[in-house]
Amino acid sequence: MVQTAVQAGVDPMDEPSSIPAGYGAENGEDLSLGLGELDLTTEHLSLAGIEKDVEALADHEVLKAILDQGLDPREYGRRYEDELRQAELASIEDYIAEADTLIALHTDIKECDDILQGVEATLAHFQTDLGSISSEIRALQAESQSMNAKLRDRRALKESLEDFVGRVSLTPDLIHGIVQSDVQSEEFLSALQTLGRKLASAARDPDLQGTVALRDVAPELEKLRIKAVVKSRDFLFAKIWDFRRPRTNVQIKQPVLLRHKSLVAFLSEHAPDIFGEVRAAYIDKVSAKVLDLFRNYWAVIDRLEEKVLTEADTLGAAEASSSGGVLSFFQRPAPAPAPAASAGGRADAFSLQDRALVLSHVEGPPLVLHAAEARGARFPYEVLFRSVNKLLMDTAAHEYLFCAEFWGDAGVYAALFAPVLAFVESSLAAALAELHDPIALLLMVRLNRECGLAMARRRNPALDGFYDRINLLLWPRLKVLMDAQLASVKAMPVDPGSAAVPIPAVHLLAERYAALTSALLLLQADLPEEPLESNTERLRYAVMNALLSLSRLLPSKRAGTVFLILNFGHIVGVLRGTAARGLPRTGSLSQQAMSQAASGGGQGGAGATPALHRTSSSHGAVDASQGLGASGAALLKEIEEGLHRCTSIYVDDMLGGALPELIAFVRRGEALASGLPEGQALPGCGPPEAAPLAQAFAGSWKQKAEAMCREVTQDFGSTHAARGVLQAVFTQLLMQYSRFLELMKKQGPAGLGVVRDAVTLPSVMYGLNALSR
């Protein structure tokens, strides 16, 4: 077909189609291929204007390559056009060769379209069915929601009805539990709780009040309430009355009541008048029982007290003579003697000794007084005070916790314990009026403080305010006793006509003062503001004045100086020793001592000493504290300065009598040397005058040192002060001799010659060291 067109001179591209127009028309089929952009056939192809394009592109590289071949562009264009036409014809032939395949493909596509139309119709039908099913599902969902709402409403109504019926109805189990069961049974307690809830609902539930059901059961409900109240009241009264039986331990009985605290809760809410009656009965019976306990305990305390100091035992009291004309410091007018005072030295009654060990046993068990009384043991008042406080702490703390849990009201404890605390306070106030022991009072102050801290550690407010009131009893009494001690010192007879001439020894006043002051300073060292600072300072001033006045009664100035050195040295030594020993560490008391104290202490017999305050400090019960506090350090410094001044006076007096020429020469020479240049002889104090002194000293210094040693021993005996005074004498002797040699060394060759001939300073030091040992 293409060839025919070419032979006829017709451009095949000008034909609209190489397929006959009527082909396939009888079947109503459209055989157009629909190639779109791939269709290479065209109806219009023109080469007009190509010459202009060739001229315009004359400089193009491709065009230049064509021209370089020697061809005419027009000829080349025609050749290229022929090649395109041939390619087009080849392409058309390819399309014609595949026409059958394309027709088969068209048929297949047609069949697929039919199948797809059938599937589409099926899906449309299925979609219609699904729409109807969705409507049915939505209807079922709505019906389900409606049924759920109805079910919830029915359940809510059921719960409300059950709750209403449960609050109104009186079951046989409830009636049997209240009427027939024993009060101590679980059945009664469970029924009581149920009845309490029903009564509370009937009284406070607005939905229940005014209903016919409540009016029907109200009489029976009231009968059950009365029955429960009567049984609860009778049971509680029976248990409370048991507390008044002799030898009844209230703390053992209380757990039984605690298991039935629901009875009290029921009475409190549904029978307030009966609750008040039971509450008042408990307060009355238990308060009386506890008060009897403390009254009996206090009565035994009065019989077990050891009188360490009496009203006559003061710092300024006179010591008894052998004829017994004056009341002895250690004499006890009480029936039982005071063995601790009479067995030791003259100032033992004023010393702290091991009494501070009571501070390490604050939380220890209270004393078993009847056992201690059977053994005949006696205790200082601070030990008894600690025991009472421990018993009071334990009893009050237990009762407070019980009342808070059982009654639900701390006011029950306050009403119950008020008479007990009032009795303890009044009894203590009466006992303090008869107590004349400042150390015991200060120990009681510390014990009172420690007991308050112990209750604070327990976080129990049962005794809040009580310890403050006890402090208000203790401190004024302590001030009164300190003023009495001060007055006794000021009243001492120190006039020459009214006082006996003392001897150069440690005076009884110094012994008592050192023992008492060291104890007071140690006990108050860590207390806030050191409350006894002014009292101890006034007492120190009075004692120092008394000792000075007594020293003037001695026949000589040296004897008076020796008297002051001995007394000042004794006071300093006692204060330093007490500061080194310190107070016991809390809780360090040995278990054996604690058990002995709790069981009555001592080995029996009158005046037996309890292990509590007799344990030796070498067993680790004492922890050395740091000093005596600020006021104690100041007081110690004042006394040490007085001791130093007295020692200097004694040393100067002794050296002035043993080496008067040497000391006068040194003083005179040092006065002259201050205005003259070094190397020049001092007029009157030069080498000629010094040589005889040096020679005399070399020959006699050992004998004079030995004489001074004997004199010091004669004045001070074998006391600790003797060693210190002798050391000061020898030190001053070496200083004077060293100054003498220095004066000679500054006066030229002649002075150096005197130094060479004199005894050497190391030789003197060696000899004095041998004597001081």
Side-chain angles (χ1 to χ4, degrees), residues 159 162-205 208 213-214 216-290 398-413 416:
E159 291 176 358
E162 286 179 350
D163 180 64
F164 179 83
V165 172
R167 285 179 291 167
V168 173
S169 65
L170 301 178
T171 64
D173 292 339
L174 173 63
I175 297 173
H176 180 273
I178 296 296
V179 177
Q180 301 295 332
S181 299
D182 184 71
V183 178
Q184 302 187 57
S185 65
E186 291 296 331
E187 183 182 1
F188 178 82
L189 297 178
S190 177
L192 188 68
Q193 293 179 356
T194 304
L195 179 62
R197 290 193 295 269
K198 292 181 181 294
L199 290 172
S201 299
R204 293 190 290 268
D205 192 348
L208 192 62
L214 180 60
D216 290 342
V217 301
E220 302 301 325
L221 191 64
E222 178 64 17
K223 291 178 182 179
L224 288 179
R225 184 191 74 84
I226 295 174
K227 184 64 176 180
V229 168
V230 171
K231 294 181 70 173
S232 300
R233 176 187 179 278
D234 293 343
F235 174 80
L236 292 175
F237 265 108
K239 294 299 180 182
I240 292 172
W241 278 102
D242 283 345
F243 292 159
R244 289 297 293 163
R245 292 181 180 178
R247 302 183 179 277
T248 299
N249 191 325
V250 175
Q251 296 182 4
I252 294 178
K253 294 283 188 179
Q254 284 176 337
V256 178
L257 280 178
L258 205 56
R259 290 196 296 269
H260 298 84
K261 63 180 180 180
S262 57
L263 304 181
V264 174
F266 180 83
L267 293 179
S268 175
E269 185 174 1
H270 304 295
D273 51 344
I274 302 300
F275 171 78
E277 182 182 353
V278 175
R279 180 177 180 269
Y282 177 84
I283 293 173
D284 179 60
K285 305 307 177 187
V286 177
S287 178
K289 186 70 176 181
V290 177
H398 174 85
E399 192 61 38
Y400 180 87
L401 295 177
F402 174 81
C403 290
E405 184 175 0
F406 185 72
W407 297 102
D409 181 14
V412 176
Y413 163 79
L416 185 153

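Residue numbers run from 1 in the order of the sequence given. Every heavy atom of this structure was used, including side-chain atoms; hydrogens, water molecules and symmetry mates were not.
Between Phe243 and Tyr282, the ring planes lie perpendicular to each other; the angle is over 60°, past the 30° to 60° tilted range.
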- So Gln180 and Ile175, side chain to side chain contact (heavy atoms under 4.5 Å, CB included) or not? Walk me through it. CA-CA 8 Å; Gln180 301 295 332; Ile175 297 173; over 6 Å; no

- Walk me through it: do Glu399 and Gln251 pass the test side chain to side chain contact (heavy atoms under 4.5 Å, CB included)? CA-CA 8 Å; Glu399 192 61 38; Gln251 296 182 4; 5.9 Å; no

- Query: What do the steps show when you test Leu189 against Leu263 for side chain to side chain contact (heavy atoms under 4.5 Å, CB included), and what is the final call?
  - Reply: CA-CA 8 Å; Leu189 297 178; Leu263 304 181; 4.1 Å; yes

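Looking only at side-chain heavy atoms (C-beta outward), Val412 and Phe406 stay at 4.5 Å or farther from each other. Val278 has its side chain out of reach of Val264: every pair of non-hydrogen atoms, C-beta onward, lies at least 4.5 Å apart. Here the side chains of Gln184 and Arg259 are not in contact, with every heavy-atom distance at 4.5 Å or above.
Residue pairs satisfying the salt bridge (Lys or Arg N to Asp or Glu O under 4.0 Å) criterion with at least one member in residues 169-196, sequence neighbours excluded, are absent. Residue pairs meeting the side-chain hydrogen bond (donor to acceptor under 3.5 Å, both in side chains) criterion with at least one partner in residues 228-240, sequence neighbours excluded, are Arg233-Glu277.
A pairwise comparison of heavy atoms in Phe188 and Gly177 identifies CD1-O, 3.3 Å as the closest pair. The nearest pair of heavy atoms linking Trp241 to Lys285 is CH2-NZ, 2.9 Å. In terms of heavy-atom proximity, Val229 sits nearest to Ala271 at CG2-CB, 3.7 Å. Scanning all heavy atoms of the two residues, the minimum distance from Leu174 to Ala191 falls at CD1-O, 3.3 Å.
In this structure, NE2 on His260 lies 9.0 Å from CG on Leu236, to the nearest 0.5 angstrom. The SG atom of Cys403 sits 5.5 Å away from the CG atom of Leu416 when rounded to the nearest 0.5 Å. Expressed to the nearest 0.5 Å, how far OH of Tyr413 lies from CD1 of Ile283 amounts to 12.5 Å. Here CD1 of Ile240 is found 14.5 Å from NZ of Lys289. Values are rounded to the nearest 0.5 Å. Rounding to the nearest 0.5 angstrom, the gap separating the CD1 atom in Ile226 from the CD1 atom in Ile178 is 13.0 Å. Taking CG of Leu195 as the reference point, atom OG of Ser190 lies at 11.0 Å (rounded to 0.5 Å).
In this structure a side-chain-to-backbone donor-acceptor pair under 3.5 Å is present from Arg225 to His270.
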